[in-house]
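Contents: one structure, followed by commentary.
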Amino acid sequence: MTTTTLSFKQRFFRLYISTLKQNLGLIFLLTAITFFFFPIANGIEMYHVMTTYVDDMLQPVLENSSYYHMYGAADIYGGSSLWFFPVYVLLAPVLAACSLCRPLHNRRAADLYNSLPLSRKGMLGVWLAAGMTITAIPLFVGLVCTPFTALFLHNPHFHPLIMMWDFFLLLLALFSIMSIVMLCAVCTGTTFDCVVFSGLLFVLPISFWGILESICDRFSYGWWISKDSMETILGLLFPVAGLTAHFKWSEFDLGRSGIWAGVPYILFWAVAACVLYGISFCYIHRRKSEMSGSLNRNSILEAFICIVLSLTGGLAIGFLFTILLFLDIEKYEWLFMILFSAIGGGLSFAITEAVLSRGFHKLKKQLAHAGAAMLAIAAVSGGVIFYCEVFVENYMPDFSQIESISVEEEPGLYQLFSKVLIAKENSKGATPLENAPLVLHSEDVLRRIYEIQKHIIEENNQASWNREIPDEQYGNSTRVNFTYHLKNGRQIIRHYYLSNYNLTDEIVQLYGQEEYIRQVAAIFNPEYESYLKELTILDSLGLREETFPNQQQDSQKFQRLLNTLAREFIAMDPNVYYKEIETPVAWLKYNYPKKEQEKYEKGEVIRLFGIVPIYASFTETINLLTEYGYGSLLELDISQVRKAVITNSSSYVNWENRLGRTFINLADNYRFSEISTWIDRSLLEKSQKKDSEENGRYEDDKLYIEAITNEELLELISKLRISSNDTNMWRNGESANKVIICTDDDYVVRFIEE
């Protein structure tokens with residue numbers, strides 16, 4: 001009587017406290033788990049980061065800088081937090097909701113549940129409040145302990161206000177998951193069904209999108225989804241994706257948005273959670289008591305799960321069977337995709353409905369429904385393929401609406417000559433340029449790229465009924481990415497693999513555009529000149545080198561050389577360096593000093609290095625180098641060569657494939673000691689095998705290696721190239737012949753012209 005005479009607020013509060021007391025064990029369990037995986041594990045990682053290198057380019061942190069590399073806008077979370085927070089937010093609400101909603105899933109508790117001095121809607125509110133408290137207390141304890149861990153480690157880098165902001169976002173994420181689980185708890189009669197249906201609601205949307213993306217990638221030639229678009233889709237379809245993005249942010253990843261990273265997706269799911277909770281709030285009043293402890297479920301939820309699961313399963317089975325059976329069906333791949341999807345969809349629907357119906361006692365009805373499902377999924381599969389091949393493949397934006405075009409992962413030789421990584425703070429915040437894509441604005445260049453894409457689409461349409469690639473072109477296709485930036489802010493990405501050398505030759509001609517060169521070759525971009533701390537002149541083979549005065553040492557010489565070389569380089573025919581019509585007589589190497597040579601400042605990372613060829617046709621540059629006393633480097637001298645070999649091995653040789661050609665990577669070499677040891681060992685093994693052959697114990701080996709003298713090397717000089725266009729690059733498992741030339745402390749690799 002006393003309880004019933006209390007106000008609603010008093011009854012609500014008393015039941016809330018009583019519910020928390022009944023679940024103290026769960027609170028202690030979650031707190032212990034959180035304390036171990038968050039403050040303790042995070043503290044161990046924090047200590048490790050503070051006492052070791054951030055990476056091999058930076059100085060020891062404690063000796064030279066107070067800066068260290070942790071995650072999150074609070075700058076205090078370790079890598080373990082990246083997976084702990086999402087996992088906790090997913091699992092803790094499931095445990096809490098299932099524990100709290102026991103009266104909904106226990107027939108013996110139904111009378112108690114109905115006799116409580118609070119309405120069903122009020123009880124749902126109590127459970128939600130208690131569930132949020134049970135799951136929030138462990139996170140709060142962990143976040144409060146973390147600053148003390150930082151202080152104990154003498155690490156001043158923590159931000160209490162930002163940590164409270166993170167705690168608020170964690171609460172929103174917990175609310176999102178809690179609402180989904182409670183909806184399933186209200187709509188099902190057993191705890192097992194609640195857990196299963198909750199898991200399906202978590203994974204089905206993102207699974208359905210994943211299979212759609214795979215189908216689009218298979219049947220839409222040129223279709224590509226950007227990383228930003230993928231993050232948006234993940235954030236909208238998976239409840240904790242935004243939370244992961246928020247805690248993954250770091251000050252080294254200056255392109256993200258700090259405290260706002262992932263927040264829009266967290267807010268989206270918080271709003272969605274309000275809607276889901278509203279549905280639960282309305283349905284629980286109409287929920288029949290007989291559902292408790294039974295296998296009955298809400299019919300709408302069952303239908304939704306059945307439809308999405310059948311559709312996802314059918315498309316997944318159809319796609320996997322189409323690509324994994326290795327059938328010679330290139331001309332009719334679309335037909336087999338539809339057929340397999342229909343069969344897979346029918347099976348998925350029949351199995352799902354049988355499971356939901358708890359048996360095959362409604363077999364005739366299930367078969368009829370499965371037949372309808374087959375037709376529906378076949379129509380969906382065919383519609384997706386038709387849309388991909390007709391609309392996506394052939395779509396091109398209106399040229400008048402194009403503001404610029406980015407060429408990402410540019411397929412040019414310049415990528416070998418120039419590497420750029422700049423990230424610096426400016427008035428607008430952090431702006432990164434990491435292997436920056438080429439953004440082209442010139443109308444002539446835009447028109448040429450636009451026409452190239454038209455030719456690619458037309459060529460694909462002509463071959464759309466025969467997807468087979470000729471053997472001589474197989475493995476020699478080249479990836480090209482175009483990103484159209486439209487005036488309305490939209491972006492359209494097209495991603496192609498080209499094996500038509502006429503089209504690749506057209507792309508090569510774009511390399512000669514000044515706008516292109518100024519962006520790709522950092523040494524020719526005035527914006528970067530102040531960072532070019534080291535300049536070195538190398539001879540033709542890179543065996544000898546001399547330092548050239550930098551901007552600070554002799555500004556006049558520095559500017560004169562760069563301006564002269566840039567002018568002649570831009571005026572040159574792109575085929576000179578791409579097809580190697582000329583052989584470089586020297587190289588200009590530029591490099592930003594390593595960490596130990598240049599003080600590292602927080603918020604600014606600059607790494608520039610590259611190498612640019614100097615050809616005999618660059619008369620002004622050659623005269624200038626001669627005038628400055630570098631003329632000896634323009635003449636080949638191999639007196640320093642200690643060993644030289646011809647080999648077909650790919651060991652310890654770096655290269656990059658571009659537009660059907662293979663280039664020696666001049667900017668990324670192995671250590672000299674490694675390749676010198678490998679050469680000596682390989683020559684010894686060859687000598688031993690030769691002795692075995694003479695003794696009748698010959699062993700066949702694909703490796704070919706032969707030492708050559710300096711005189712023989714001089715005869716080969718005119719045939720040495722840094723690239724190869726051999727269409728049969730990989731012969732018998734090994735690559736084409738190369739020459740490896742070693743001095744006492746360095747080496748160089750060149751292809752032999754076939």
Side-chain angles (χ1 to χ4, degrees), residues 16 20 23-24 26-43 45-46 70-97 128-153 155-181 235 238-251 256-274 277:
Y16 167 73
L20 289 182
N23 289 275
L24 283 177
L26 182 58
I27 296 177
F28 290 139
L29 175 63
L30 293 177
T31 302
I33 294 173
T34 304
F35 191 80
F36 178 79
F37 283 103
F38 183 42
I40 294 180
N42 202 53
E45 189 167 353
M46 190 187 307
M70 298 291 279
Y71 293 98
D75 204 18
I76 200 171
Y77 307 113
S80 58
S81 304
L82 301 185
W83 63 266
F84 172 74
F85 283 131
V87 171
Y88 180 91
V89 168
L90 276 176
L91 298 184
V94 175
L95 293 175
L128 177 64
M132 290 296 298
T133 305
I134 291 170
T135 53
I137 288 176
L139 288 177
F140 182 77
V141 172
L143 287 170
V144 168
C145 292
T146 301
F148 291 102
T149 304
L151 290 175
F152 177 76
L153 295 173
N155 180 3
H157 291 272
F158 64 90
H159 308 280
L161 292 179
I162 299 180
M163 293 184 71
M164 290 301 99
W165 168 249
D166 293 342
F167 179 65
F168 173 70
L169 296 178
L170 284 167
L171 290 181
L172 292 181
L174 285 171
F175 174 63
S176 302
I177 304 300
M178 189 75 69
S179 298
I180 295 175
V181 180
F238 195 59
V240 297
L243 195 67
T244 302
H246 180 76
F247 286 101
K248 188 178 180 181
W249 182 88
S250 72
E251 291 197 31
R256 296 186 180 273
S257 49
I259 63 173
W260 300 108
V263 171
Y265 311 121
I266 298 174
L267 295 177
F268 167 81
W269 276 102
V271 173
C274 293
Y277 181 74

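What's counted below: heavy atoms across the whole structure, side chains too, no hydrogens, waters or symmetry copies. Here the structure is a predicted model, which means the values were calculated and not measured.
V271 pairs by the side chain to side chain contact (heavy atoms under 4.5 Å, CB included) definition with nothing, not counting sequence neighbours. Checked against ring-ring contact (aromatic ring centres under 6.0 Å, His included), F84 has the following partners two or more places apart in sequence or in another chain: Y88. F175 pairs by the ring-ring contact (aromatic ring centres under 6.0 Å, His included) definition with nothing, not counting sequence neighbours. Evaluation of the side chain to side chain contact (heavy atoms under 4.5 Å, CB included) rule for A241 yields L234, F238 as partners, not counting sequence neighbours.
Between M178 and M132, the closest heavy-atom pair is CE-N, 3.9 Å. In terms of heavy-atom proximity, P93 sits nearest to V181 at O-CG1, 4.3 Å.
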Show me, pair by pair, the donor-acceptor contacts under 3.5 angstrom made by side chains of residues 26-35, not counting sequence neighbours?
from, atom 1, to, atom 2, distance (Å)
T31, OG1, I27, O, 2.7
T34, OG1, L30, O, 2.7

Atom pairs and distances, side-chain donor-acceptor, residues 161-174, under 3.5 Å, sequence neighbours left out:
from, atom 1, to, atom 2, distance (Å)
W165, NE1, I259, O, 3.0
D166, OD1, H246, NE2, 2.7
D166, OD2, Y77, OH, 2.6

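At least one side-chain heavy atom of Y16 sits less than 4.5 Å from a side-chain heavy atom of T133.
Expressed to the nearest 0.5 Å, how far SG of C145 lies from CZ of F140 amounts to 9.5 Å. In this structure, the separation between CD1 on I266 and CH2 on W269 is 12.5 Å, given to the nearest 0.5 Å.
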For this session: Decide ring-ring contact (aromatic ring centres under 6.0 Å, His included) for W83 and F247; before the verdict, give the C-alpha distance in whole Å, the side-chain angles of both, and the deciding distance to 0.1 Å.
Result: CA-CA 9 Å; W83 63 266; F247 286 101; over 10 Å; no

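Checking each of T135, V240, T244 against V89 for a side-chain contact (heavy atoms from CB on, under 4.5 Å) leaves exactly one that passes, namely V240.
Here side-chain hydrogen bond (donor to acceptor under 3.5 Å, both in side chains) pairs that include residues 169-179, with residues two or more places apart or in two chains, number zero.
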